[in-house]
Amino acid sequence: MDPLKLLFRDPDRTPWLSVFRHTALQMGLKITMERAAGREYGELLERGEVDLLAENYYNLQSFSARGVPLVSLATTVTWLNEKLFVTREINAVGDLNGKRFALRGV
């Protein structure tokens, strides 16, 4: 069996990924790890060019929404810390209809 190709972006994941690769090898599963070269990431998984991504789940939600079959093997994120600050007249998401607002990043 060919090794599974794992792609990661953030070097802060490398200690965990090294343990993951070592443990997989003990079970007979070879994994190669590469740092992503560019901005294209989920697209590589969608096209079958990589087998695994080490990524925050919320960065892949748009792929899941489009029907790309993703499986999360593990996560350390149990809640997201994004906040929406609004004026007192906004009490529910529906109150945003027709309002203008700005995003800091997408």
Side-chain angles (χ1 to χ4, degrees):
M1 178 180 185
D2 291 335
L4 293 176
K5 184 175 180 181
L6 183 144
L7 206 60
F8 67 95
R9 280 198 273 212
D10 299 324
D12 66 345
R13 292 175 174 82
T14 54
W16 181 86
L17 292 174
S18 294
V19 171
F20 178 69
R21 181 174 57 183
H22 176 76
T23 304
L25 189 56
Q26 288 181 328
M27 303 297 290
L29 181 61
K30 293 181 182 178
I31 298 175
T32 63
M33 294 188 325
E34 293 179 25
R35 188 161 183 198
R39 295 185 53 87
E40 193 175 55
Y41 197 61
E43 296 84 358
L44 297 171
L45 183 67
E46 186 175 17
R47 291 193 305 258
E49 296 176 32
V50 297
D51 302 297
L52 303 163
L53 297 177
E55 181 56 68
N56 295 321
Y57 175 73
Y58 57 83
N59 288 334
L60 299 170
Q61 286 181 343
S62 62
F63 291 89
S64 184
R66 286 197 330 261
V68 177
L70 299 176
V71 176
S72 177
L73 297 178
T75 184
T76 57
V77 177
T78 57
W79 60 278
L80 301 178
N81 61 359
E82 284 83 12
K83 304 224 183 304
L84 177 64
F85 295 96
V86 298
T87 62
R88 293 175 197 244
E89 65 191 44
I90 306 296
N91 296 302
V93 173
D95 295 341
L96 294 172
N97 284 336
K99 304 284 190 226
R100 294 176 64 186
F101 56 96
L103 296 175
R104 186 178 66 142
V106 177

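In this text, all values refer to a predicted model and were calculated from it rather than measured experimentally.
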So among Leu52, Leu53, Thr14, which one has a side-chain contact (heavy atoms from CB on, under 4.5 Å) with Phe8? Thr14
Given Val50, which partner from the list Leu6, Leu45, Leu4 fulfils the side-chain contact (heavy atoms from CB on, under 4.5 Å) test? Leu45
Any ring-ring contact (aromatic ring centres under 6.0 Å, His included) involving residues 16-52? Give me the pairs, sequence neighbours left out, ordered by first then second residue. Trp16-Phe20
Does Glu43 have any salt bridge (charged side-chain N to carboxylate O under 4.0 Å, His left out) partners at least two apart in sequence or in another chain, and if so, which? none
Pairs touching residues 19-29 that satisfy salt bridge (charged side-chain N to carboxylate O under 4.0 Å, His left out), sequence neighbours left out: none
Taking every non-hydrogen atom, the tightest pair across Ser64 and Leu70: N-CD1, 4.2 Å
Using residues 85-99 as the side-chain source, report each donor-acceptor pair under 3.5 Å to any protein atom, sequence neighbours left out, with the distance given to one decimal.
unit_1 : atom_1 : unit_2 : atom_2 : d
Asp95  : OD2    : Asn91  : N      : 2.7
Asp95  : OD2    : Ala92  : N      : 3.0
Asn97  : ND2    : Gly94  : O      : 3.4

Go through the structure and list residues passing side-chain hydrogen bond (donor to acceptor under 3.5 Å, both in side chains) with Glu40, not counting sequence neighbours. Arg47
Got a sec, which residues hit salt bridge (charged side-chain N to carboxylate O under 4.0 Å, His left out) with Asp51, two or more places apart in sequence or on another chain? none
Quick check on side-chain contact (heavy atoms from CB on, under 4.5 Å): which of Glu49, Glu34, Met33 does Lys5 satisfy it with? Glu34
Atom CZ of Arg35 and atom CG of Leu17: how far apart are they, to the nearest 0.5 Å? 12.0 Å
Sequence neighbours left out, what passes side-chain contact (heavy atoms from CB on, under 4.5 Å) with Thr23? Give chain and number order. Val19
Do the side chains of Val68 and Leu60 join up, straight or via other hydrophobic residues, at under 4.5 Å, putting them in one cluster? yes
Under the salt bridge (charged side-chain N to carboxylate O under 4.0 Å, His left out) rule, collect the residues that match up with Lys30, sequence neighbours excluded. none
Using salt bridge (charged side-chain N to carboxylate O under 4.0 Å, His left out) as the criterion, list what pairs up with Arg9, not counting sequence neighbours. Glu55
With Arg100 via side-chain hydrogen bond (donor to acceptor under 3.5 Å, both in side chains) - residues at least two apart: none
Do Thr32 and Pro3 come within less than 4.5 Å of each other through their side chains, counting heavy atoms only? yes
